[in-house]
Amino acid sequence: MFSRREVLKAAGAGVATLALAPLVGRAADEKKVGYTLPKLPYAFDALEPSIDAKTMEIHHDRHHKAYVDNANNLLKDHPKLLALPVEELLATKINEVPEKIRQGVINNAGGHSNHSIFWEIMSPKGGEPKGELLKAIEGKFKSVDAFKKELSTKATTLFGSGWAWLVVNKKGELEVVQKKNQDSPYMDGQTPILGVDVWEHAYYLKYQNARPKYVEAWWKVVNWDK
Ligand code: MN3
């Protein structure tokens with residue numbers, strides 16, 4: 001069982017095999033059957049001015065909560081699947097989910113997993129990548145600026161709703177990818193390292209249709225330590 005951090009470390013060191021290994025779930029998901037909405041690790045207004053408090057409140061308390069509630073409801077007759085850490089369900093068991101609820105589980109368990117990571121990889125203190133992450137980014141993209149440019153481009157050019165992610169791919173290498181809707185990188189054998197939510201609900205109150213301005217501001221609140 002390997003964490004996102006361990007997979008990243010292996011990628012920086014050029015070790016490919018960890019990316020295919022089973023994944024560690026969040027403790028909160030393991031205590032009881034069913035997913036729980038994680039607490040935000042900071043106040044709603046902590047990411048101002050990059051992300052406004054009202055957007056954070058609606059995004060966490062309503063959108064993320066809805067993904068959690070819907071996933072729990074969809075999987076209520078499948079306690080064994082529901083007992084798995086959400087990453088493991090998405091990475092290894094999604095084809096065991098009955099077909100008639102599968103797309104709903106992809107959307108809602110995916111939404112739960114994606115947002116759980118999203119809250120953690122933001123912080124009011126911002127900063128720049130360092131340590132293992134810096135080494136891995138420079139090894140793959142030459143520079144932090146080149147990496148940021150690639151992720152920003154993927155985020156702003158994604159048509160419709162979705163995410164742009166930095167992942168460790170199946171080969172154990174860093175890669176920037178676009179995902180539609182709430183499709184989880186875990187479903188494609190990728191381990192998400194950091195990602196930006198470019199659904200309109202993530203920025204519309206403050207930025208309206210100016211997605212590039214939101215992405216530019218988002219870089220100021222990335223929690224590189226996570
Ligand atoms: Mn969202």
Side-chain angles (χ1 to χ4, degrees), residues 4 26 28-29 35-75 85-87 89-91 94 103-124 126 151-167 176-188 190-223 226:
R4 289 168 53 240
R26 257 175 286 286
D29 282 343
Y35 306 125
T36 42
L37 181 66
K39 280 209 167 74
L40 264 192
Y42 35 73
F44 291 131
D45 64 359
L47 304 183
E48 299 239 21
S50 290
I51 306 179
D52 62 285
K54 196 70 190 166
T55 294
M56 288 300 293
E57 183 182 347
I58 294 171
H59 200 175
H60 178 270
D61 285 8
R62 298 198 215 162
H63 290 278
H64 190 170
K65 183 171 188 301
Y67 296 127
V68 169
D69 292 346
N70 291 341
N72 285 337
N73 193 42
L74 283 163
L75 287 167
V86 67
E87 299 87 346
L89 173 79
L90 293 163
I94 201 69
Q103 189 58 49
V105 170
I106 288 170
N107 295 343
N108 289 286
H112 171 43
S113 172
N114 290 338
H115 288 85
S116 297
I117 296 166
F118 189 56
W119 312 131
E120 284 182 25
I121 59 92
M122 295 192 290
S123 153
L151 191 88
S152 293
T153 301
K154 287 260 162 71
T156 51
T157 59
L158 186 139
F159 185 76
S161 296
W163 295 70
W165 291 98
L166 173 68
V167 301
V176 174
V177 296
Q178 287 179 333
K179 300 287 173 193
K180 286 267 181 204
N181 304 314
Q182 295 297 351
D183 289 356
S184 165
Y186 286 118
M187 288 197 307
D188 297 325
Q190 301 160 343
T191 300
I193 302 302
L194 74 99
V196 58
D197 183 347
V198 292
W199 282 57
E200 285 187 346
H201 68 225
Y203 63 87
Y204 206 84
L205 284 183
K206 182 176 169 90
Y207 297 96
Q208 290 81 48
N209 60 340
R211 191 191 285 180
K213 284 206 169 103
Y214 154 71
V215 173
E216 196 183 315
W218 173 80
W219 284 113
K220 294 181 189 147
V221 293
V222 170
N223 181 355
K226 279 282 176 186

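As the structure lists them, so they are numbered: ligands from 1, and atoms in each ligand from 1. Every heavy atom of this structure was used, including side-chain atoms; hydrogens, water molecules and symmetry mates were not.
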Would the His112 and His64 ring centres measure less than 6.0 Å apart? yes
Trp199 ring center near Tyr204 ring center (under 6.0 Å): no
If you check every N/O/S atom of Asp197, which is the one nearest the Mn ion (ligand 1)? OD2
Please give the atom name: the N, O or S atom of His201 nearest to the Mn ion (ligand 1). NE2
Side-chain donor-acceptor pair under 3.5 Å between His59 and His115, yes or no? yes
For Ser50 and Trp219, test the side chains for any donor-to-acceptor distance below 3.5 angstrom and give the result as yes or no. no
How wide is the angle at the Mn ion (ligand 1) between NE2 of His115 and NE2 of His59, to the nearest 10°? 90°
Under 2.8 Å from the Mn ion (ligand 1), is there an N/O/S atom belonging to His64? no
Is the Mn ion (ligand 1) less than 2.8 Å from at least one N/O/S atom of His63? no
Taking the side chain as every heavy atom from C-beta outward, state whether Gln208 and Tyr203 have any pair of such atoms under 4.5 Å apart. no
